[in-house]
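Worksheet: one structure, shown below.
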Amino acid sequence: MASVKRIKIKELLSSKAFNSEVLAMGWVRTRRGNKNVAFIALNDGSTINNIQIVADVEVFSEDFLKDVSTGACISVEGTLVESPGAEQPVEIRAKKIEVIGKADPTTYPLQKKGHSLEFLREIAHLRPRTNTFGAVLRIRHSMAFAIHKYFNDKGFFYIHTPIVTGSDAEGAGAMFRVTTLDMENPPRTEDGKINWSEDFFGKEANLTVSGQLEGELAALALSDIYTFGPTFRAENSNTPRHLAEFWMIEPEMAFYDITDNMDLAEDFLKYLVRYALENCKDDLEFLNKMWDKELLERLQFVVDNPFVRLTYTEGVEILEKANQKWEFPVSWGVDLQSEHERYLVEKHFKKPVILTGYPRNIKAFYMKQNDDGKTVRAMDVLFPKIGEIIGGSQREEDYDKLYSRIKEMNIHEEQLWWYLETRKFGTAPHSGFGLGFERLLLFVTGMGNIRDVIPFPRTPKNCEF
RNA sequence: UCCUCUUUAGCUCAGUUGGUUAGAGCACAUGACUGUUAAUCAUGGGGUCCUAGGUUCAAGUCCUAGAAGAGGAGCCA
């Protein structure tokens with residue numbers, strides 16, 4: 001197509017190769033100008049910044065330039081020059097412009113002026129072309145990359161745990177069923193129930209709600225592992241912090257106790273935030289300016305300050321003494337409500353908090369029981385604005401204690417025989433936690449709604465795109 | 001799922017006590033302008049007032065039901 005090789009706009013903007021011939025391709029953000037000259041702001045997603053294309057009307061007729069409208073895809077060949085304008089270092093003096101894909105201005109939904117996030121959600125197929133979603137998606141990539149880099153550098157192994165699961169044992173919430181049966185006319189057993197033994201897997205199957213149990217199996221062989229994959233919850237949750245399909249990171253480490261686990265969680269989160277500050281500067285500055293004026297300050301604060309660590313019991317004491325009216329009263333043994341968590345994080349300590357030592361009755365069966373017989377070695381990392389960002393624990397490695405807990409809680413032990421066997425054969429103390437990837441992104445981007453930090457959100461009554 | 005709020009032009013919103021032809025900004029179209037910075041200026045077109053009932057001489061406005069969206073809560077990551 002062209003004699004020159006296409007260069008991405010991010011590279012062009014920092015180039016010093018003035019007067020060289022370049023080729024750029026991208027989507028038009030705005031066009032403005034007068035009878036003599038037109039200015040085109042071009043973006044290809046490589047950076048939030050646009051490159052300015054200068055087109056003389058002598059060379060490009062006004063009629064031709066009509067097709068170079070907001071949203072159109074064009075390629076531009078021209079000379080890279082220093083820009084006389086103050087807003088950009090370089091610009092391209094166009095010699096040849098080709099309209100690759102028109103965008104009819106009367107029907108193209110995106111305008112150069114800002115749109116509400118609610119409206120953009122309705123056009124999720126086009127919203128990556130906006131500054132905000134370009135920034136969010138680049139940051140999302142950077143965080144995913146940093147997660148793999150962090151664990152790889154520490155000698156952790158990435159384990160792919162199954163997405164389709166035959167057990168609902170973890171009890172982490174309602175599940176999506178996976179089936180190939182004809183739902184109009186399913187096979188029945190003699191007593192009229194659906195005969196799942198005729199289904200694809202010969203038993204009931206669901207989408208995973210957590211890779212943790214399988215992650216533990218791997219940790220009890222490879223020492224340090226992590227998972228990073230999609231997770232599905234069929235809860236009817238309608239909040240800015242929940243998705244039906246989200247991504248979760250679950251490290252699991254042999255020979256880690258709860259303190260090692262907290263140390264890792266804190267170091268991990270700080271590493272990720274620092275990585276964002278160092279590698280996503282342009283995008284973060286845009287989000288700071290546009291949506292959340294305290295974003296950069298808050299990110300820096302998290303990197304610079306140690307997290308507060310306290311026990312559930314200490315937390316409850318603080319809440320009981322607080323001069324505060326609670327919608328849900330606090331006393332030892334109740335699960336903390338978000339008003340309580342927010343008080344501790346946002347009012348009392350004003351920094352991230354790690355809570356440990358929860359009552360055993362409000363936590364999952366696999367958590368390690370303390371000697372007091374009342375509490376378990378759970379930990380929740382609570383962040384300002386978004387609440388629980390990490391939930392984890394030291395795991396119960398003692399077969400008898402684990403087994404009796406499973407019995408107490410009426411969990412189907414026959415679905416967990418493989419999990420129990422790891423405690424029977426060469427058991428070891430181990431710990432792990434789960435980090436909600438989109439919750440992390442809420443914090444790092446400062447966005448207010450989790451549906452705006454994933455490209456195509458799945459929520460109750462919404463599976464478009 | 002519960003509570004509260006919202007739904008009027010392509011987008012963001014105003015619309016008085018129920019009263020005649022429902023407005024603004026932006027976008028879009030047309031024109032003007034010798035380097036613009038979400039350019040500017042002038043002119044213009046553009047409406048299922050979310051849906052279905054109801055009250056009334058008269059409903060964008062009041063009532064009932066429903067739908068969709070948002071915020072808070074619960075569940076959790």
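Being a predicted model, the structure only gives us computed values, none of them experimental. A, B, ... follow the sequence lines: proteins, then strands. Residue 1 opens every chain.
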(message) I'd like the P distance from B/U48 over to B/U43, given in whole Å.
(response) 26 Å
(request) Would you please enumerate the stems RNA chain B participates in, each stem being three or more consecutive Watson-Crick or G-U wobble pairs with both distances under 3.5 Å? (result) B:1-7 with B:67-73, B:10-13 with B:23-26, B:28-32 with B:40-44, B:50-54 with B:62-66
(request) Could you give the distance separating B/A14 and B/U1 at their C1' atoms, to the nearest angstrom? (result) 35 Å
(request) Decide, applying a 5.5 Å centre-distance limit and a 30° plane-angle limit (both strict), whether A/Phe437 stacks on B/A77. (result) no
(request) Provide the distance between the two P atoms, one in B/A38 and one in B/C49, to the nearest whole Å. (result) 37 Å
(message) Taking the C1' atom in each of B/C5 and B/A9, what is the distance between them to the nearest angstrom?
(response) 24 Å
Table of protein N/O atoms under 3.5 Å from nucleotides 9-12 of chain B N/O atoms:
{"residue": "B/G10", "atom": "N2", "partner": "A/Gln111", "partner atom": "OE1", "Å": "3.4"}
{"residue": "B/G10", "atom": "N2", "partner": "A/Gln111", "partner atom": "NE2", "Å": "2.8"}
{"residue": "B/G10", "atom": "N3", "partner": "A/Gln111", "partner atom": "NE2", "Å": "3.3"}
{"residue": "B/U12", "atom": "OP1", "partner": "A/Ser116", "partner atom": "OG", "Å": "2.9"}

(request) For A/Lys363 and A/Asp380, run salt bridge (charged side-chain N to carboxylate O under 4.0 Å, His left out): C-alpha distance rounded to whole Å, both residues' side-chain angles, the deciding distance at 0.1 Å, then the answer. (result) CA-CA 11 Å; A/Lys363 287 293 183 182; A/Asp380 282 1; 3.4 Å; yes
(request) Pick the C1' atom in B/G18 and in B/C57, then give their distance to the nearest Å. (result) 12 Å
(request) Using the C1' atom on both, measure B/U56 against B/U64 and round to a whole Å. (result) 16 Å
(request) State, yes or no, whether a side-chain contact exists between A/Leu110 and A/Thr130 at a heavy-atom distance under 4.5 Å. (result) yes
(message) Side chain of A/Phe39 only, heavy atoms from C-beta on: which candidate in B/A73, B/G35, B/C28 is closest?
(response) B/G35
(message) Measuring from the side chain of A/Glu235 (C-beta onward, heavy atoms only), which nucleotide among B/G72, B/C75, B/A39 has the closest atom?
(response) B/C75
(message) Is A/Asn236 close enough to B/U1 that one of its side-chain N or O atoms is under 4.0 Å from OP1 or OP2 there?
(response) yes
(request) Tell me which nucleotide among B/A70, B/G35, B/U36 gets nearest to the side chain of A/Val37. (result) B/G35
(request) Between B/A22 and B/G60, how far apart are the P atoms? Round to whole Å, please. (result) 10 Å
(message) Counting only side-chain heavy atoms from C-beta out, which of B/G71, B/A39, B/C76 sits nearest to A/Asp335?
(response) B/C76
(request) Look at A/Lys35 and B/G35 and indicate whether a side-chain polar atom (N or O) is within less than 4.0 Å of OP1 or OP2. (result) no
(message) If the threshold is 4.0 Å, N to carboxylate O, is there a salt bridge linking A/Lys10 and A/Asp282?
(response) no
(request) May I ask you to say whether A/Arg360 pairs ionically with A/Glu408, meaning some side-chain N is under 4.0 Å from a carboxylate O? (result) yes
(message) Using atom C1' in both nucleotides, what's the gap between B/U7 and B/G19 to the nearest angstrom?
(response) 24 Å
(request) Tell me what A/Arg31 touches on the nucleic acid: a base, only sugar-phosphate, or nothing, going by heavy atoms under 4.0 Å. (result) nothing
